[in-house]
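Atoms within each ligand, like the ligands themselves, are counted from 1 in listed order. For reference, positions follow the sequence shown, starting with 1.
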Amino acid sequence: MKPDLFESPDYYNLDDLLTEEQKLVRTAARDWVKRDVSPIIEEAAQKAEFPKQIIKGLADIGAFGPYIPEEYGGAGLDQISYGLIMQEIERGDSGVRSTASVQSSLVMYPIFKFGNEEQRQKYLPKLASGEYMGCFGLTEPDHGSNPGGMVTNFKDKGDHYLLNGAKMWISNSPFADIAVVWAKSEEGRIYGLIVERGMEGFSTPETHNKWSLRASATGELIFDNVKVPKENLLPNKSGLGAPLMCLDSARFGIAWGVIGAAMDCYDTALRYAKERHQFGKPIGSFQLQQKKLAEMITEITKAQLLAWRLGTLRNEGKATSAQISMAKRNNVDMALKIARDARQILGGMGISGEYSIMRHMMNLESVVTYEGTHDIHLLITGMDITGLNAFK
Ligand SMILES: Cc1cc2nc3c(=O)[nH]c(=O)nc-3n(C[C@H](O)[C@H](O)[C@H](O)COP(=O)(O)OP(=O)(O)OC[C@H]3O[C@@H](n4cnc5c(N)ncnc54)[C@H](O)[C@@H]3O)c2cc1C
């Protein structure tokens, strides 16, 4: 792969809106990605392997639980800092960002928010340091966009719960030490349970043959009469609203993360367009190529503003789920279109692993689907503005 020459675009001087702390956090993440992710990520993606050696680095830059309080091992940062960390990691690779998102927003967040003090003390510091890795089991083979229909269930057996069912498309599952699993009680109410690797009847087969997020491990979670200790149930919230709150936090991270992927594609295409000559001129001098580049920087700038404003709303505790949906949908779509256009600017080189664009493009095909598809987020906005439910 080519050396990482990335220069971050900031067309509207958005750095003026960031605090010194936010900029420091971003610099640490950016430097780490350049040093420890860029040199190894193409090979990891080609081999379809999650590069486990980067776990410690992710913990060191605060990517595991950026906004979880320091007393539990988190970085105690604000939401914009969290977003900036996700942006920088996804500038390297969406699969690596997925690992960090899951760990922070889908494993640490529910334990922090819905767990008791004992559970927080037991799991959060180890998750923050990367000693434990976690995954989040919501999606099932027959219930993706409609997770409320889940069939995974647990029964009260007196001194333990008996868990049965299956989850699929679970990021980090093949190597996770713990899984936060959403399942229905005998009364049909959804609860989160912490399932630990090694519990009898619990297995995590890996999903192979992905053309997307190849540097992220994805798998199933199978529960065959798993005895889960009663103290592993998250007691402080039940119902579908609990996993949806986790998804709000993760979707916010995605809205920022994909800006990183888009910036990397734009920066690569801009440099290539100035260096590559055809017909005796740089290809960047042709209007058709300038149109692509000019539209890219316009869309990146709009996405940056959307993410920043959403971050301020999150910091004030005022962001709604529908606002988060809008940003996730808009920004992923923006990044995917930029990746496709950037790939064209590089001509044949656009499909080569010498450059990051094709990898970003394929990764974004998962990002546009997971954590609520492009269409589902549109329906959420539609319902929010009309008050009418078009889901069913
Ligand atoms: C690489 C990867 C990693 C993932 N990681 C995780 C994870 O860690 N944990 C987890 O729980 N899940 C994870 N997922 C699952 C992901 O969240 C689901 O794939 C996603 O929610 C969509 O569900 P589905 O694939 O079953 O598609 P479906 O729900 O079957 O949807 C298929 C199509 O139908 C459309 N559709 C569905 N309902 C409606 C409707 N009412 N109106 C109009 N159109 C509709 C959808 O928009 C989509 O285009 C991951 C997925 C991938 C690909």
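The N/O atoms of Ile376, backbone and side chain alike, include none that comes under 3.5 Å of an N/O atom in ligand 1. Backbone and side-chain nitrogen or oxygen atoms of Thr139 are examined, and one is located within less than 3.5 angstrom of a nitrogen or oxygen of ligand 1.
The nearest heavy-atom contact from the protein to atom 2 (C) of ligand 1 is Tyr370 CD2, 3.8 Å. Distance from atom 49 (O) of ligand 1 to its nearest protein heavy atom, with residue and atom name: Asp375 OD2, 4.2 Å. For atom 3 (C) of ligand 1, the nearest protein heavy atom (residue, atom name, distance) is Ser171 OG, 3.4 Å. For atom 19 (O) of ligand 1, the nearest non-hydrogen atom of the protein is Thr369 CG2, 3.9 Å. Of all protein heavy atoms, the one closest to atom 17 (O) of ligand 1 is Glu371 N, 3.5 Å. Looking only at protein heavy atoms, the nearest one to atom 52 (C) of ligand 1 is Trp169 CE3, 4.0 Å. Distance from atom 24 (P) of ligand 1 to its nearest protein heavy atom, with residue and atom name: Gly144 CA, 3.9 Å.
Between the side chain of Gln103 and the backbone N or O of Leu127 there is at least one donor-acceptor pair closer than 3.5 Å. Without hydrogens or angle criteria, Lys328 side chain to Phe252 main chain gives no donor-acceptor distance under 3.5 Å.
Below 4.0 Å from some heavy atom of Leu213 lie the following atoms of ligand 1, by number and element: 1 (C). Applying the 4.0 Å criterion to heavy atoms of Leu138 picks out, from ligand 1, the atoms 11 (O). Distances below 4.0 Å separate heavy atoms of Phe391 from the following atoms of ligand 1: 41 (N). Close contacts of ligand 1 with Ser145, meaning ligand atoms under 4.0 Å from a residue heavy atom, involve 23 (O), 28 (P), 29 (O), 31 (O), 37 (C), 38 (N).
Taking 4.0 Å as the cut-off between side-chain N and carboxylate O, Glu295 and Lys291 count as a salt-bridged pair. Salt-bridge formation is not detected for the pair Lys155/Glu186: no Lys NZ or Arg NE/NH1/NH2 atom is positioned less than 4.0 Å from an Asp or Glu carboxylate oxygen. Of the charged side-chain nitrogens involved, at least one lies within less than 4.0 Å of a carboxylate oxygen, so that Lys56 and Asp60 count as a salt-bridged pair. The pair Asp177-Arg197 fails the salt-bridge criterion, with no side-chain N (NZ, NE, NH1 or NH2) lying under 4.0 Å from an Asp/Glu carboxylate O. Using a 4.0 Å cut-off between charged nitrogen and carboxylate oxygen, Glu187 and Arg189 do not count as a salt-bridge pair. Remark: Asp156 engages Lys230 in a salt bridge, criterion side-chain N to carboxylate O under 4.0 Å.
Counting heavy atoms of neighbouring residues, nucleotides and ligands inside a 6.0 Å radius, atom CH2 of Trp32 exceeds 12 of them. For Lys34, the NZ atom counts as densely surrounded, since its 6.0 Å shell holds more than 12 non-hydrogen atoms of other residues, nucleotides or ligands.
For atom 30 (O) of ligand 1, the nearest protein heavy atom lies 4.0 Å or farther away. Atom 35 (C) of ligand 1 is not flagged as protein-proximal [any protein heavy atom, distance under 4.0 Å]. Within 4.0 Å of atom 44 (N) of ligand 1, not a single protein heavy atom is present. For atom 9 (N) of ligand 1, a protein heavy-atom neighbour is present inside the 4.0 Å cut-off.
Looking at Thr373 against ligand 1, only its side chain comes within 4.0 Å, counting heavy atoms. With a heavy-atom cut-off of 4.0 Å, Ile170 touches ligand 1 through backbone and side chain alike. Residue Leu379 touches ligand 1 through its side chain alone, judged by heavy-atom distances below 4.0 Å.
Of the options Ile300, Leu364, Ile357, a side-chain contact (heavy atoms from CB on, under 4.5 Å) to Ile338 is made by Ile300 and by none of the others.
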For Tyr370 and Ser101: C-alpha separation, side-chain torsions, deciding distance, then whether side chain to side chain donor-acceptor pair (under 3.5 Å) applies.
CA-CA 12 Å; Tyr370 71 22; Ser101 282; 5.9 Å; no

